[in-house]
Amino acid sequence: MPANVELLGIARTIALRAGDLARLRRAEGVEIAASKSSLSDIVTRADQEVEHIIRGAIAAARPNDGFYGEESGAETGSSGLTWVVDPIDGTVNYFYGIPSYAVSIAVVEGDPDPQTWRALAGVVVNPAAGEVFAAAAGGGAALNGQTLHVNHDTELELALVGTGFGYDATRRERQGRVVTELIGRVRDIRRIGAASLDLCGVAAGRLDAYYERGLNPWDHAAGALIAAEAGATVGGLRDARASSDLVVAAEPGLFSRLNPLLQEFHRDDW
Ligand code: IPD
Ligand code: CA
């Protein structure tokens, strides 16, 4: 089994190359390739091309590992490790030229299921900002080489909370109702548009907390490890681990106040 730092090095090299390609394609002009779960759930040609080069590079560096990507699906490996990849997280931002999109690459041990996997390394690259967030399990988290720490001792009333909305209209309406209940109890809400960057935002102290229901594994695999390594508690519904049911990340004290409230506000939605 390679050391986590070795895996992180591979992830970083590949994510930087992928980020360069995404930025180049953005500069050339972005084309929608298809709609997915709903008309607003778009995939651009760049999403597909970037995933293709990531997949090829991982296969070359780690031929026995599995792969689980947003655009090209899953393939089981024989090593027990799987690379969980979102080639462009924040695709709608990417399409509109909003500079908050990211390449997200994680490597996990065990089944590629967030309820059971153990994340070993994760990298989130925001090519438009020149930011590289990285973490290896047990080794802390860093932004462009500088160690990251979550904010501490934030009262719920003073917390800046990030969240996001899924692509399904019914789910979005429910998520909007939860925001309506929460917004009067916190400092403010942010909807940045890329779950991986929200989680890295918690790691960097740019957000005090983040939550979202309905994420896919590739949206949070790398960012959740980076937030946890920066000192956040990352969890899900009740005492479960983070999953598509719910992802919540915050410094432990704030997490323990926010998580029960979210469960209460989402009451009609499980
Ligand atoms: C989306 C973004 C968004 C979140 C959605 C995700 P995509 O991922 O992370 O912030 O609110 O739930 O699906 O489609 O841009 O890769
Ligand atoms: Ca994506």
Side-chain angles (χ1 to χ4, degrees), residues 15 18-19 21-23 25-26 30-55 67-74 83-106 114 122-128 133 161-176 178-179 189-202 206-207 209-224 226-227 234 236 242-249 262 266 269:
L21 178 63
R23 200 178 40 171
R25 291 292 181 261
R26 175 56 248 178
V30 171
E31 240 181 285
I32 294 183
S35 294
K36 300 194 287 185
S37 61
S38 75
L39 279 178
S40 52
D41 184 5
I42 53 169
V43 53
T44 72
R45 296 222 187 285
D47 291 80
Q48 296 168 331
E49 190 187 358
V50 172
E51 181 153 321
H52 182 74
I53 68 136
I54 294 172
R55 193 167 185 151
F67 184 86
Y68 187 25
E70 174 167 17
E71 312 302 344
S72 62
W83 294 77
V84 184
V85 171
D86 191 342
I88 299 180
D89 183 35
T91 297
V92 174
N93 285 346
Y94 185 72
F95 180 59
Y96 280 84
I98 297 171
S100 294
Y101 63 88
V103 176
S104 173
I105 300 181
V123 176
V124 173
V125 172
N126 176 344
F133 297 88
V161 180
T163 191
F165 307 106
Y167 292 111
D168 172 74
T170 309
R171 165 159 286 165
R172 297 169 79 82
E173 285 169 10
R174 290 194 191 126
Q175 289 172 317
V178 172
V179 168
I189 298 283
R190 292 288 179 272
R191 197 297 191 242
I192 289 165
S196 59
L197 292 177
D198 291 316
L199 286 158
C200 291
V202 172
R206 296 172 181 174
L207 292 172
Y210 163 72
Y211 76 93
E212 186 165 344
R213 185 157 151 61
L215 287 181
N216 289 299
W218 47 80
D219 296 319
H220 63 94
I226 292 164
V234 182
S243 74
S244 63
D245 280 339
L246 186 64
V247 175
V248 185
L262 292 171
H266 270 293
D269 183 28

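Order of listing sets the numbers, starting from 1, for every ligand and every atom in it. Quick note: numbers below take in every heavy atom, side chains included, and nothing from hydrogens, waters or symmetry partners.
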Results of side-chain contact (heavy atoms from CB on, under 4.5 Å) for Ala209 - residues two or more places apart only: Val161, Ala250, Leu254, Leu258
Pair Lys36 + Glu71, salt bridge at N-O below 4.0 Å: yes
Of the N, O or S atoms in Asp86, the one nearest the Ca ion (ligand 2): OD1
Separation between CZ of Arg191 and CD of Glu212, rounded to the nearest 0.5 Å: 6.0 Å
Heteroatom test (N, O or S) for Ile88 near the Ca ion (ligand 2), limit 3.0 Å: yes
Proximal heteroatom of Glu70 relative to the Ca ion (ligand 2) (N/O/S): OE1
Protein residues having a heavy atom less than 4.0 Å from any atom of ligand 1: Glu70, Asp86, Ile88, Asp89, Gly90, Thr91, Gly164, Phe165, Tyr167, Arg191, Gly193, Ala194, Ala195, Glu212, Leu215, Asp219
From NE2 (His220) to OH (Tyr210), nearest 0.5 Å: 9.0 Å
From Cys200 atom SG to Ile226 atom CD1, the distance as rounded to the nearest 0.5 Å: 4.0 Å
Thr91 versus Asp47, side-chain donor and acceptor atoms under 3.5 Å: yes
Aromatic contact, Trp218 with Tyr68 (centres under 6.0 Å): yes
